Amino acid sequence: DSSVLSRDISFRFLAVGLMILFGWFGFVSTYMALFMNLLYIFYVYLSLRESQKQQREPVIDAPSSVVAGPRSRNSSFTAAETGSAPASFVGRGS
């Protein structure tokens, strides 16, 4: 989702910018550290809220691989099925 990506990038830029600012000051006070921790807690809160929101929403037009679920351990699986290896190097998976 583009909004999640934008939020993550924004928080990362803000955190790095604050660390650079703190480095420019040459010290980190208790209030600066507290602010950084509160910022991180707010970021985690937003991430968890978004995750729970996505879990509540029904999946619409799910690809068949999502509907079918993961492959069982005993099924045969080759790298050719994923297109990750040439057919001449493909063996049976476990």
Side-chain angles (χ1 to χ4, degrees):
D1 189 14
S2 64
S3 64
V4 173
L5 183 63
S6 298
R7 182 195 65 219
D8 288 352
I9 290 172
S10 298
F11 269 99
R12 288 179 193 271
F13 271 112
L14 181 61
V16 170
L18 285 172
M19 287 188 290
I20 290 171
L21 183 67
F22 296 165
W24 183 64
F25 288 152
F27 67 95
V28 177
S29 71
T30 302
Y31 294 112
M32 293 169 149
L34 182 62
F35 177 72
M36 285 293 285
N37 280 305
L38 289 175
L39 183 67
Y40 177 72
I41 290 169
F42 180 66
Y43 170 75
V44 170
Y45 168 76
L46 288 179
S47 297
L48 289 175
R49 188 179 70 171
E50 181 70 25
S51 173
Q52 290 171 350
K53 179 181 164 186
Q54 288 179 355
Q55 286 177 354
R56 285 193 300 260
E57 293 176 356
V59 176
I60 300 172
D61 295 331
S64 60
S65 62
V66 173
V67 175
R71 295 178 179 266
S72 69
R73 287 183 68 104
N74 296 329
S75 68
S76 63
F77 178 73
T78 62
E81 292 178 62
T82 63
S84 63
S88 61
F89 294 104
V90 174
R92 293 192 55 91
S94 57

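Along the sequence shown, residues are numbered consecutively beginning with 1. In this text, all values refer to a predicted model and were calculated from it rather than measured experimentally.
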- Task: Quick one: pull up CZ in Arg49 and NZ in Lys53 and give me the separation to the nearest 0.5 Å.
- Result: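 So the CZ of Arg49 and the NZ of Lys53 are separated by 7.5 Å.
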- Message: Any side-chain to backbone donor/acceptor pair from Ser51 onto Ser47? Under 3.5 Å, distance only.
- Response: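 Answer holds: no.
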- Message: Can you give me the closest heavy-atom contact between Phe22 and Met36, atom names plus distance?
- Response: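 Smallest interatomic distance, heavy atoms only, reads CE1-CG, 3.4 Å.
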- Message: Show the nearest heavy-atom pair for residues Arg7 and Tyr43, with the distance to one decimal.
- Response: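 Closest heavy-atom pair between Arg7 and Tyr43: NE-CE1, 4.4 Å.
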Path from [X] to [Y] over hydrophobic side-chain contacts below 4.5 Å:
X     : Y     : value
Phe35 : Tyr45 : yes
Leu21 : Phe13 : no
Ile20 : Val28 : yes
Leu39 : Ile9  : no
Phe42 : Met19 : yes

- Task: Kindly state each residue pair satisfying side chain to side chain donor-acceptor pair (under 3.5 Å) with at least one member in residues 14-41, sequence neighbours excluded.
- Result: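 Listed by first then second residue: nothing to list.
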- Message: Taking side chain to side chain contact (heavy atoms under 4.5 Å, CB included) as the criterion, tell me which of Leu48, Leu46, Ile41 meets it with Val44.
- Response: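 Result for side chain to side chain contact (heavy atoms under 4.5 Å, CB included) with Val44: Leu48.
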